[in-house]
Amino acid sequence: MAVILDGNALAANIKQKIKADLEGLGIVPGLAVVIVGDDAASHVYVNHKKKDCAQCGIKSETFELPADTGQDKLMELIHELNSRDDIHGILVQLPLPKGYDEQAVIQAISPKKDVDAFHMENIGRVLDGNFTFAPCTPYGVMRLLEHHGIDPAGKHCVVVGRSNIVGKPMAMLLLHKHATVTICHSRTKDLAEMTRKADILVAAVGKIGLITADMVKPGAVVIDVAINRGDDGKLYGDVDYAPVAEIASYITPVPGGVGPMTRAILMENTIIAAKMAMGK
Ligand code: GUN
């Protein structure tokens, strides 16, 4: 039976440390959270982030804009937030509604305030390995592995999914830790053949039941990044949890695995940004 990689516990630990650190320094970082439109899941995520900020001693300011706000107004807001001294981090919740140029918005965020690490400058730094901010979800996975003494060096890591937010940066971060990395995606010919070779398997697709037990090598570490809502209203990852937990050595639950880690790293990135801005 696999050991559960408890993201809630580690995230709580990280947030406590942040709170103590901020109290010691006597600073209150500011995070602007921008959400456009009424996507229900995005609003849930944003509310979680606001709660995390309150727990850490970070001042969050939420901008809830209607879907018809328009690109120009959104860009204006980004420019205003870039220039505000009391805002150290800017997060635009993705996806934006149809009709927006998402890349233009992301690239307009000052790289120094880009706590998601989605700006080209920060992506480049992640590729290079010498980064200030790493994208929250993949870096949260790295921290979860590290906390449990799981060293990717020399291991075969298979990442399923090639998004800019998770799959691609995940592969880079694992590579920096000396893993052999395979990235699989929708055009991969025999997915099961690939995933069975994984010592560490990261699923980041968004498809319930994608990774079944026959696709997992016994003893593998299984990381489930996805958050899917089932027809029953419950949350599921990509991994067929119960049968895979029987054979894996470690596994992340959904919910309570990677999700809370993503948000804990967002908090960390925000204090990194604030400290840089304040010269601390
Ligand atoms: N949508 C899904 N994940 C993320 C994330 O990590 N950051 C932002 N801004 N939007 C998201």
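We count ligands from 1, going down the list as the structure has it; atoms in each ligand are counted the same way.
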Pair up each side-chain donor or acceptor in residues 163-177 with any protein partner under 3.5 Å, not counting sequence neighbours, and list the distances.
residue: Ser163; atom: OG; partner: Val166; partner atom: N; Å: 2.9
residue: Ser163; atom: OG; partner: Gly167; partner atom: N; Å: 3.3
residue: Asn164; atom: OD1; partner: Lys168; partner atom: NZ; Å: 2.7
residue: His176; atom: NE2; partner: Val126; partner atom: O; Å: 2.7

Residues which pass side-chain contact (heavy atoms from CB on, under 4.5 Å) with Lys59, listed by chain and number, not counting sequence neighbours: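 Testing Lys59 for side-chain contact (heavy atoms from CB on, under 4.5 Å), a comparison that skips the adjacent residues, returns Val28, Glu61, Arg84, Asp86.
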
One pair per line, please: each N/O atom of ligand 1 matched with every protein N/O atom under 3.5 Å away, atom names first, then the distance to 0.1 Å.
residue: ligand 1; atom: 1 (N); partner: Gln93; partner atom: NE2; Å: 3.4
residue: ligand 1; atom: 1 (N); partner: Leu94; partner atom: O; Å: 2.9
residue: ligand 1; atom: 7 (N); partner: Asp116; partner atom: OD1; Å: 3.0
residue: ligand 1; atom: 7 (N); partner: Asp116; partner atom: OD2; Å: 3.4
residue: ligand 1; atom: 9 (N); partner: Val92; partner atom: O; Å: 2.8
residue: ligand 1; atom: 9 (N); partner: Asp116; partner atom: OD2; Å: 2.6
residue: ligand 1; atom: 10 (N); partner: Leu94; partner atom: N; Å: 3.0

When the side chains of residues 201-227 are checked against the rest of the protein, which donor-acceptor pairs come out under 3.5 Å, sequence neighbours left out?
residue: Thr212; atom: OG1; partner: Asp214; partner atom: OD1; Å: 2.5
residue: Lys217; atom: NZ; partner: Asp199; partner atom: OD1; Å: 2.8
residue: Asp224; atom: OD1; partner: Ala226; partner atom: N; Å: 3.3
residue: Asp224; atom: OD1; partner: Asp238; partner atom: N; Å: 2.9
residue: Asp224; atom: OD2; partner: Asp238; partner atom: N; Å: 3.0
residue: Asp224; atom: OD2; partner: Val239; partner atom: N; Å: 2.9

Walk me through it: do Asp232 and Tyr236 pass the test side chain to side chain donor-acceptor pair (under 3.5 Å)? CA-CA 10 Å; Asp232 57 3; Tyr236 295 90; 2.5 Å; yes

Look at atom NZ of Lys112 and say whether more than 12 heavy atoms of other residues, nucleotides or ligands are closer to it than 6.0 Å.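 No.
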
Give the intermediate values and the outcome of side chain to side chain donor-acceptor pair (under 3.5 Å) for residues His88 and Thr270. CA-CA 7 Å; His88 307 102; Thr270 303; over 6 Å; no

